Amino acid sequence: MSAVRRVGLFGGTFDPPHLGHLIAAEEVRDALELDEVLWIPAGRPPHRPEGPVAPADVRVRLAEAAIQGHDGFRVWDGETRRAGPSWTVDTVRALAEAAPQPTEWTLIIGADQYRAFGEWREPEVVARLARLAVVSREGAGITPGEPRFPFHAVAIPRIDISSSEIRRRRKEGRSIRYLVPEPVRRIVEAEDLYV
Ligand code: ATP
Ligand code: MG
């Protein structure tokens, strides 16, 4: 292992986590040779006035179920235990201050999120503390974007799955098998989530 630890930060509502999330996190981990990727379920996503559907503790359990068996992935539940909106800048600051060894942080975001990055809270600080890795997403290609915020573009197999689509399917009584990892499907079905 190199002296500087390389850690990916993958934030999301994960309501629920799906194969698109897993592919994105794994492709960036591999391409940028990260030692670890922290999956960070948002407590209260600032840009979602309607809020998440499943409670934070359930989304943490779903994220844990999603990454089961992968040594390079870990769930960090710090945002769900903090009061108020989950600003990424607070998260990166908190992690950087608490890091036990020199760490290079990489923030992993989908192309749809990068488009709005300039409107996040203190984006300059986020971009100074962490390098950005942007993954392509169906309907949102990677464009050069804001020159203020340079990023690593990571091309990943396009997979047109979203949590909204999974929730819609549940409402319609349709199958979500193979769109989410099996351990996630088992919890979603056993606990009647999103119906
Ligand atoms: P929702 O439909 O509820 O917004 P989502 O599928 O977009 O859910 P989020 O939790 O909002 O999932 O996303 C977390 C991160 O994962 C974001 O950076 C998002 O761009 C990225 N992401 C989600 N789905 C995909 C996908 N299919 N391919 C690539 N990136 C994705
Ligand atoms: Mg989203």
Side-chain angles (χ1 to χ4, degrees), residues 8-32 34 37-56 58-67 70 73 75-77 79-80 85-89 91-92 105-121 123 126-127 130-143 145-146 149 151-172 174 176 178-181 184-185 188 193-194:
L9 304 176
F10 187 41
T13 312
F14 302 130
D15 197 15
H18 53 71
L19 294 191
H21 295 132
L22 282 157
I23 292 168
E26 179 64 2
E27 292 290 290
V28 175
R29 190 193 63 77
D30 193 41
L32 301 185
L34 305 179
V37 174
L38 299 186
W39 288 52
I40 308 178
R44 184 139 70 76
H47 301 292
R48 262 177 217 248
E50 73 287 4
V53 177
V58 174
R59 290 180 292 105
V60 168
R61 272 199 290 128
L62 291 172
E64 268 158 4
I67 65 167
H70 193 324
F73 287 168
V75 173
W76 186 75
D77 68 356
E79 286 195 356
T80 66
S86 307
W87 303 109
T88 299
V89 67
T91 296
V92 185
W105 306 97
T106 300
L107 186 71
I108 305 169
I109 55 178
D112 58 312
Q113 292 293 309
Y114 179 72
R115 284 180 181 178
F117 185 76
E119 284 125 56
W120 288 20
R121 172 168 285 201
V126 177
R131 60 180 180 167
L132 300 179
V134 178
V135 297
S136 49
R137 184 170 190 185
E138 195 61 41
I142 304 178
T143 47
E146 292 226 31
F149 306 117
F151 58 88
H152 287 269
V154 181
I156 66 169
R158 295 287 176 102
I159 179 150
D160 189 9
I161 304 177
S162 64
S163 303
S164 329
E165 166 69 11
I166 305 285
R167 297 195 298 272
R168 187 173 321 120
R169 281 169 168 259
R170 289 285 296 158
K171 274 230 154 53
E172 294 169 356
R174 292 165 63 200
I176 59 167
Y178 305 134
L179 302 179
V180 301
V184 170
R185 183 177 71 87
V188 167
L193 300 176
Y194 312 117

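Just the heavy atoms: all of them, side chains too, but no hydrogens, waters or symmetry mates, feed the values below. What you are looking at is a predicted structure, and each value in this text was computed from that prediction instead of being measured. Start at 1 and go down the list; that is how both ligands and their atoms are numbered. Starting from 1, each residue takes its place in the sequence as its number.
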Exercise. Is there a heavy atom of Glu165 sitting under 4.0 angstrom from any atom of ligand 1?
Worked result: no
Problem set entry | Lys/Arg N to Asp/Glu carboxylate O, Arg61 vs Glu64, below 4.0 Å | no
Exercise. Near Asp112, which atoms of ligand 1 are under 4.0 Å from a heavy atom of that residue?
Worked result: 19 (C), 20 (O)
For this session: If the plane angle is over 60° it's perpendicular, under 30° parallel, otherwise tilted; pick one for Trp120 and Phe117.
Result: tilted
Seminar exercise, completed: In ligand 1, the atoms that come under 4.0 Å of a heavy atom of Gly12 are 10 (O), 14 (C)
For this session: Name the closest protein heavy atom to atom 11 (O) of ligand 1, giving the residue it belongs to and the distance to 0.1 Å.
Result: Arg48 NH2, 3.1 Å
For this session: Using a 4.5 Å cut-off on heavy atoms from C-beta on, say whether the side chain of Leu62 contacts that of Val180.
Result: no
Exercise. Counting from 1, what ligand 1 atoms have a heavy atom of Arg167 closer than 4.0 Å?
Worked result: 3 (O)
Problem set entry | Any Ser136 heavy atom less than 4.0 Å from ligand 1 | yes
Exercise. Do Leu9 and Trp76 come close enough that some side-chain heavy atom pair is under 4.5 Å?
Worked result: no
For this session: Give the residue, atom name and distance (to 0.1 Å) of the protein heavy atom nearest atom 2 (O) of ligand 1.
Result: Ser164 OG, 2.2 Å
Exercise. Taking non-hydrogen atoms only, is Ile161 closer than 4.0 angstrom to ligand 1 via side chain, backbone, both or neither?
Worked result: backbone
Exercise. Can you tell if the side chain of Val188 reaches within under 4.5 Å of the side chain of Arg170, non-hydrogen atoms only?
Worked result: yes
For this session: Keeping the roles fixed (side chain from Arg131, backbone from His152), state whether a donor-acceptor pair exists under 3.5 Å.
Result: no
For this session: Check ligand 1 against Ile109 and write out every atom of the ligand that is under 4.0 Å from a heavy-atom position of the residue.
Result: 18 (O)
Exercise. Is it the side chain, the backbone, both or neither of His21 that has a heavy atom closer than 4.0 Å to ligand 1?
Worked result: side chain
For this session: Verify whether one side chain among Thr80 and Arg59 offers a donor that lies under 3.5 Å from an acceptor in the other.
Result: no
Exercise. Ignoring hydrogens and geometry, is there a side-chain-to-backbone donor-acceptor pair from Ser136 to Ala155 under 3.5 Å?
Worked result: no
Problem set entry | Polar side-chain atom of Tyr194 near backbone of Val53 as donor-acceptor pair, under 3.5 Å | no
Exercise. Between Ser163 (side chain) and Phe14 (backbone), is there a donor-acceptor pair under 3.5 Å?
Worked result: no
For this session: Examine ligand 1 and decide if any of its atoms is less than 4.0 Å from a heavy atom belonging to His18.
Result: yes
Exercise. Do the non-hydrogen side-chain atoms of Leu19 and Pro181 ever get within less than 4.5 Å of each other?
Worked result: yes
Problem set entry | Close approach, Asp15 and ligand 1, non-hydrogen under 4.0 angstrom | no
For this session: Name the closest protein heavy atom to atom 30 (N) of ligand 1, giving the residue it belongs to and the distance to 0.1 Å.
Result: Val135 CG2, 3.8 Å
For this session: Taking only heavy atoms of Thr13 into account, list the atoms of ligand 1 that are under 4.0 Å away from them.
Result: 10 (O)
For this session: Under 4.0 Å from a heavy atom of Gly11: give me the atoms of ligand 1 that qualify, with their elements.
Result: 14 (C), 15 (C)
For this session: Examine the side chains of Glu165 and His18 and answer whether a donor and an acceptor come within less than 3.5 Å of each other.
Result: no
For this session: Could you list the atoms of ligand 1 found under 4.0 angstrom from a heavy atom of Ser162?
Result: 2 (O), 6 (O)
Exercise. Just distances here: any N/O of Gly20 and N/O of ligand 1 closer than 3.5 Å?
Worked result: no
Seminar exercise, completed: ligand 1 to Gln113, heavy atom cutoff 4.0 Å, flagged ligand atoms 17 (C), 18 (O), 20 (O)
Problem set entry | His47 contact mode with ligand 1 (heavy-atom cut-off under 4.0 Å) | neither
Exercise. Can you tell me the protein heavy atom closest to atom 18 (O) of ligand 1 and the distance?
Worked result: Gly110 N, 2.9 Å
Exercise. Any N/O of Ile159 closer than 3.5 Å to an N/O of ligand 1?
Worked result: yes
Problem set entry | atom 7 (O) of ligand 1: the protein heavy-atom neighbour that sits closest, reported with distance to 0.1 Å | Arg137 NH1, 3.0 Å
Exercise. Any sub-3.5 Å donor-acceptor pair from Arg167's side-chain atoms to Asp15's backbone N or O?
Worked result: yes
